[in-house]
Amino acid sequence: MSTFAKPENALKRAEELINVGQKQDALQALHDLITSKRYRAWQKPLERIMFKYVELCVDLRRGRFAKDGLIQYRIVCQQVNVTSLEEVIKHFMHLSTEKAEQARSQAQALEEALDVDDLEADKRPEDLMLSYVSGEKGKERSDRELVTPWFKFLWETYRTVLEILRNNSKLEALYAMTAHRAFQFCKQYKRTTEFRRLCEIIRNHLANLNKYRDQRDRPDLTAPESLQLYLDTRFEQLKVATELELWQEAFRSIEDIHGLMCMVKKTPKASLMVVYYAKLTEIFWISSSHLYHAYAWLKLFTLQKSFNKNLSQKDLQMIASSVVLAALAVAPYDHTQGASHLELENEKERNMRMANLIGFNLDLKPESREVLSRSSLLSELVSKGVMSCATQEVKDLYHLLEHEFLPLDLTAKVQPLLSKISKLGGKLTSASSVPEVHLSQYIPALEKLATLRLLQQVSQVYQTMKIESLSQMIPFFDFSAVEKISVDAVKHNFIAMKLDHMKHVVLFDTQDLESDGLRDHLTVFAESLNKARAMIYPPTKKSSKLGEILPGLGEIVDKEHKRLLARKSIIEKRKEEQERQLLEMEREEESRRLKQQKITEEAEQKRLAAEYEQRNKQRILREIEERELEEAQALLEEHEKRSKRKGGKKPILEGEKVTKQILMERALSEQLRERQEMEKKLQKLVKTMDYLERAKREEAAPLIEAAFQQRLVEEKVLHEHEQQQEIELSRQRHDGDLREKNRLSRMLENKIIFEERVKSRRESEFNQRRAEREERINQIVQARKQEREALRKKIFFVRSEEERLKRLREEEEARKHEEAERRRKEEAEHKAKLDKIAEKQRQRERELEEKERIRREALLVDGPSRSSELPAGPEPGAAAAPAAGKYVPRFRRGGTEGSAQAPPETDRWGGGSGRPAPPDSDKWSSGSARQPPSDTDRWGSGGSRPDDRNPPSDRWGGGSKSTWSSSRPRGR
C-alpha cells in the first residue's frame, strides 16, 4: 500500500501509470488513497481524484472498486459537501451510459460491416465454421461479446448508486433520477428480469426506511417534496411495468402506491390518481376481474369529470360508455355460489383488499358477504348520472339486456347494436392519462351476457326446445360454445336446463330454480294477506304471562331435556378429547425426554472428545516448549563460543528460566550495541577521509586548469584542419555530379517513351479484365433471375394443384354428406311406415281382446241354462260334472261305460269338433269355418309384409324405444 504526503501526489502518480498503460496499478493506488484513514476530511483535490477514480473503474469495468470508493467518499463528504458526492455519482452514471451506448453502436456497425454485397462470397469461411459450431448468428455473437458486458456493468452501476443513496435525505432527487433512468434502461432494452429485481430493491429500501426510523439522515416521508419524489418513482415503475406487460409487477406497484398513500394519509394530485385508475383498469382487464375493472372505470370517470376542466363532451361520452360496457361485461351470477365457508371468507377478504385499492369505503361487518357486486354497481351508475352521459347505442343495449323481456328477438336486436359499438372508440384529445378507449374489447363479454339473458328468458317461457332452434336464435357462437356457457350458468344456479343429445332437445326446468320475479310476487302477496288478516281478525289483548307460558311448558321441558342430553354428550366428547390430548401430551413428553436424553449423551460425548483434544494440545505444547528449550540451550552455547570478551560472560543467572525468546531478545540487544559502536567508528573514519579528500582537491585544482587550457589550443588547430579537408571533398563531389547529369540527359526521351508504353499496356489489360468481370456478373444475375422465375412457376403450380385437390375433397365431402342425408330420410320414412303398421296391429289386437271378453261374458250368462239339460245325477264311478262355464281338461272328460256323454262344445268354442279350439281362434275363423288369415288382415291394409331384415320384435314396436316414447303425449 502506497502512502502519499498529499492527495495531489497520488493523482500525479496515477496519471503517470495511465500514460505507460498500467491502468490497474493506477486504480489500485487511488483506491488505497480513498480507503485510507489518513484522508477523512474533505478537500477539493479529493473530488478530482474521485473523478479520475470512477473513470478508471468504468474503463476497467470494476464495479466492486467503484462501490467501495463511493461509499468511502460518501462518509467523507456527507456532512461537509454532499453536492460533491452528487456530481461524482452523476459523472459515474454518465460514463457508464456512454460506454454502453458506444458498445451498442459498435455492435451495430460491426453487423453492418459483416453485410457483404459480393455475389460470389456471401460469407467468409471462418464465419460459416463459427456459426456451425456455436449455433449463433453474427448479431447475437457480437452482442454477447461487446454489448452484454457493458450492459451488465451499467446495471451494476444503477444498483450501486441506489444502494448508496437509499437512506440519504439530502440526495433524494438524485435517488429518484437514478431510479427513473434504471426504469428507462429496462424499458428500452426489454430487461424484464432486471426490472423485477429493481422493483424489489426499491421496495426493500422503503421497507427498511420504515423499519429503522432512528437513522440520522433518514428521509422524511411526511414532507411534501419527499412524498412527491417517492410517488413519482412508483408511478414511473407502474407505467414501465404495464408497457413491458409485467402485470404481476404492475399490481405490486399499485399496492406500493396505495401503501404510500395509507402511510402518509394524504391523497396525491388528481393527475396522478387518474394514471393510477387508468393502469388499474388495464390490470384488472388482463386478470379477467371484470367487476373490479368496472369499478376502476367508475372512479376514473368521476375524477375526469370532477377535475379535468378541459374534458370535451365527446371524450366524456366515450369514458361513460366504457364505464357502462365494463359494468355490463360482468357476469350476472355470483361465482361464490355453493362455496365453502373458508372460500367465502377468503373471497370477502379479497374483495375488501380490492375495494381498498380502488378507493371504496365498504362495510366491515362480519355478516356482510357481498361488498362489491354487479347490481350495486349498475344502480350506482344510474344514480350518479353515468348512464345519461353514455352514447345512445350503449343506453339501448343496457335497456335490452337489463330491462326488456324478449326471449325470441333479444339477440336479433342486440347484434346490430354490438356491431355499431365495436366501431366506436379511439384517442381522447382532452384526457392525456387515458390516451385511447377500446370499446371493441367488451364485445365478447357482451355477446356472452346476451346469450345468458336469452337462455334465462327462454327457460321461463319454454319447457322443451330443439337444439337447432336454439342455435339459430344465438348467432354469436356455435352450439359447443353455448353449451359451455350454459354449463357454467347451471353450475352457479343462474338457470336450470338439461341437454338431451340423443333426442336433440334442450329441457328447461323451473322447479328447482325460483326466479326473481316469482319471489318478489310471492313476497308482495304474503304482505297483502297479512294486512287483510289483521283487518279481519284484529289482534286481541295480551293475556297474562303465566297463561302464555303454561300451554308450552311441556314443549319447553322436552327441549330443555334434549338440550341437557346434547350437553351431556358434548361433555363426554370433550372428556374423551381431553383424555386423548393427555395421551398425546404424554407421548410428546416421552419423546421430548428421549430427545433430551439423546442430546445429553451427545453433549457428554462432545465433552469427552473436547477433553481428549485438550490433553493432546497440552502434550503438543509441552513438546514444543521442550524443543524450544533445547534450541535455546544450543543458541546459548553458540553465543558463548562466539563471544570474545574476557570475563564478560555472565549471560544467565543461576535458577533463571531460559527460553528461546529471552535468548533472541538478548542477542538482538547485543547486536544493537555492536551496531552502535560500529557507527561511531564509521563516523570518525568519515571525518578523517573528508579532511584528506578536501586537501587533495585543493592541490589538484591549478594543475587541472593548466591542462584544460592546453587542450583548448590543440583542439582548435585540429578543427581548422578538418574543416579545410571537408571543403575540398565537397567541391570534388559537386564536379562529379555535374558530369553524371550531362551523361544521363541523353536518355530522358527514351525513358518517357518506355513509361508511356508500359502505362498504355497496363490500361488496356485493366479495361479488358473489367469488361470480363462485368460480363460474368451479368451472366450470374441472369442465371439467378431465371432460377427465381422457375421457382415462382413451380410454387404457382404446386398451389394450383393443392387448390384443385382441396376443391375435389370438398366436392367429395359434399356428395357424401348428401348421400348420408338421403339415407337418413329413407330410414325415417321406413321407420314411420313400420310405426303405422305396428299401430294397426295393436288396434286389431285390442278389437280381438274386446271380442274375447264379450264372448266369455256370453258364455258365463248361458252356463246355467245348459246345465239343466244334463242328467240329474252322475252314475256311480263317473266323474263329477264340472261347474257351469268352467274349463274341463281332457283327462277328466272321459268316463266308464254307461255313463252320460259330455255335452258338445260347439256352442262354447264355435266349432263342430270335440277338441277345444285354441284361445285365439278368432284370428283364424269367422263363425265355424277356420280360414288362414290373409296378408291384408294380418299385417295391415297395406298388404305388404314387414321387411325380412327387421327382427320379429318390429311387429310389435318397430324395434326402438323411441316409438313408444313418441306415442305418449307429454304435458307440461
Side-chain angles (χ1 to χ4, degrees), residues 242 247-248 250-252 254-255 258 273-274 276-304 319-339 343-365 368-384 386-387 390 394 397-398 401-403 421 434 437-453 456 484-485 488-489 491-495 516:
T242 53
W247 304 111
Q248 187 69 27
F251 184 73
R252 297 183 70 184
I254 289 287
E255 289 183 331
H258 184 262
M273 293 307 297
V274 168
Y276 176 83
Y277 287 114
K279 298 303 179 182
L280 260 182
T281 56
E282 296 182 21
I283 295 170
F284 285 144
W285 182 256
I286 292 296
S287 62
S288 298
S289 301
H290 295 165
L291 180 61
Y292 308 135
H293 171 77
Y295 270 101
W297 262 116
L298 178 59
K299 293 293 290 185
L300 184 60
F301 171 80
T302 306
L303 283 172
Q304 288 284 356
I319 296 175
S321 301
S322 298
V323 176
V324 177
L325 292 179
L328 290 176
V330 182
Y333 46 79
D334 187 10
H335 288 277
T336 60
Q337 184 73 25
E343 292 176 351
L344 290 176
E345 290 297 326
N346 292 335
E347 184 66 20
K348 178 185 174 184
E349 292 179 2
R350 181 171 179 268
N351 286 340
M352 292 299 300
R353 180 182 172 195
M354 296 302 168
N356 290 330
L357 287 180
I358 298 172
F360 280 86
N361 296 323
L362 299 171
D363 187 12
L364 298 177
K365 293 181 181 180
S368 61
R369 296 287 184 188
E370 189 177 4
V371 291
L372 297 176
S373 64
R374 183 176 185 270
S375 57
S376 61
L377 176 61
L378 290 175
S379 62
E380 193 169 357
L381 294 183
V382 176
S383 62
K384 289 188 176 181
V386 180
M387 200 68 66
V394 175
L397 182 64
Y398 169 77
L401 294 178
E402 297 298 326
H403 300 292
I421 291 173
V434 189
V437 172
H438 301 283
L439 298 183
S440 58
Q441 64 181 355
Y442 301 108
I443 298 301
L446 295 174
E447 291 176 349
K448 181 179 178 181
L449 176 63
T451 304
L452 289 172
R453 292 298 185 198
Q456 184 185 24
K484 292 180 181 179
I485 294 172
D488 194 29
K491 177 183 176 182
H492 296 97
N493 290 337
F494 183 68
I495 56 175
D516 295 337

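These figures come from a predicted structure and were not determined experimentally.
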Side chains of [X] and [Y] in contact at under 4.5 Å (non-hydrogen atoms):
| X | Y | answer |
| --- | --- | --- |
| Phe284 | Ile254 | no |
| Lys299 | Tyr276 | no |
| Leu397 | Leu325 | yes |
| Ser287 | Trp247 | no |

[atom1]-[atom2] distance between [X] and [Y], expressed to the nearest 0.5 angstrom:
| X | Y | atom1 | atom2 | answer |
| --- | --- | --- | --- | --- |
| Ile283 | His293 | CD1 | NE2 | 12.0 Å |
| Phe301 | Leu381 | CZ | CG | 9.0 Å |
| Asp488 | Phe494 | CG | CZ | 11.0 Å |
| Gln304 | Thr302 | CD | OG1 | 10.5 Å |
| Ser373 | Glu380 | OG | CD | 10.0 Å |
| Leu298 | Ser322 | CG | OG | 12.5 Å |

Worksheet item: Does a donor on one side chain and an acceptor on the other come within less than 3.5 Å for Ser289 and Tyr295?
Response: no

On a heavy-atom basis, which atom in [X] and which in [Y] lie closest, and how many Å separate them?
| X | Y | result |
| --- | --- | --- |
| Val323 | Trp297 | CG2-O, 3.4 Å |
| Ala327 | Leu377 | CB-CD2, 3.7 Å |
| Thr281 | Ala296 | CG2-CB, 3.7 Å |
| Thr242 | Ala250 | CG2-CB, 4.1 Å |
| Ala445 | Ala329 | CB-CB, 3.6 Å |
| Leu439 | Ile421 | CB-O, 3.8 Å |

Worksheet entry | Stepwise side chain to side chain contact (heavy atoms under 4.5 Å, CB included) check, Leu328 with Tyr442 | CA-CA 9 Å; Leu328 290 176; Tyr442 301 108; over 6 Å; no

Worksheet item: Stepwise, does the side chain to side chain contact (heavy atoms under 4.5 Å, CB included) test hold for Arg374 with Tyr333?
Response: CA-CA 9 Å; Arg374 183 176 185 270; Tyr333 46 79; over 6 Å; no

Item to complete: Output all residues satisfying ring-ring contact (aromatic ring centres under 6.0 Å, His included) with His290, sequence neighbours left out; order by chain, then residue number.
Response: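 His290: ring-ring contact (aromatic ring centres under 6.0 Å, His included) contacts with Trp285.
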
Discussion item. Does Gln248, at its CD atom, have more than 12 non-hydrogen atoms belonging to other residues, nucleotides or ligands within less than 6.0 Å?
Written reply: no

Worksheet item: Between Gln456 and Arg453, does a side chain to side chain contact (heavy atoms under 4.5 Å, CB included) hold up when you go through it step by step?
Response: CA-CA 5 Å; Gln456 184 185 24; Arg453 292 298 185 198; 3.1 Å; yes

Discussion item. Applying salt bridge (Lys or Arg N to Asp or Glu O under 4.0 Å), can you list everything that pairs with Arg252, at least two apart in sequence or on another chain?
Written reply: Glu200, Glu249

